[in-house]
Amino acid sequence: ASSTPQGEIDELLVERCCRGEQVVRLKGGCPSVFARTHSEIAALTDAGCSVQLVPGVSSPLAAPIMAGLPLTDKLLSRHFAVT
């Protein structure tokens, strides 16, 4: 499977925004981890489009919860780290 080059994605987002369409770019997990969020934001703001980021729940946080394991516990673990 091939992926769309980032430049083409940026152009598509800007094109649709300039047509007056509301553009939603859905990404899994946190949109700023291993993503090209900066490129998309720069392209949109340079074109005069407004941008709003709505972060999701990243997989390092979601996976333990889905398995029934809390990330912290009052008595056992007050901190956690993602490395």
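- Contact detail for Leu71 and Ile65: the closest heavy-atom pair is N-CD1, 4.4 Å.
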* What's the verdict on side chain to side chain contact (heavy atoms under 4.5 Å, CB included) for Ile41 and Leu53, showing C-alpha distance, side-chain angles and the deciding distance? -> CA-CA 9 Å; Ile41 291 171; Leu53 276 178; 3.9 Å; yes

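- The disulfide bond (SG atoms under 2.5 Å apart) test applied to Cys49 returns Cys17, not counting sequence neighbours.
- The salt bridge (Lys or Arg N to Asp or Glu O under 4.0 Å) analysis of residues 38-51, with sequence neighbours excluded, yields the pairs Arg25-Glu40, Lys27-Glu40.
- The side-chain hydrogen bond (donor to acceptor under 3.5 Å, both in side chains) contacts involving residues 8-24 comprise Gln6-Asp10, Asp10-Ser39, Glu15-Arg19, Arg19-Glu21, where partners must be two or more places apart or lie in separate chains.
- Taking both residues in full, the closest heavy atoms of Pro64 and Pro60 are given as CD-O, 3.3 Å, listed atom of the first, atom of the second, then distance.
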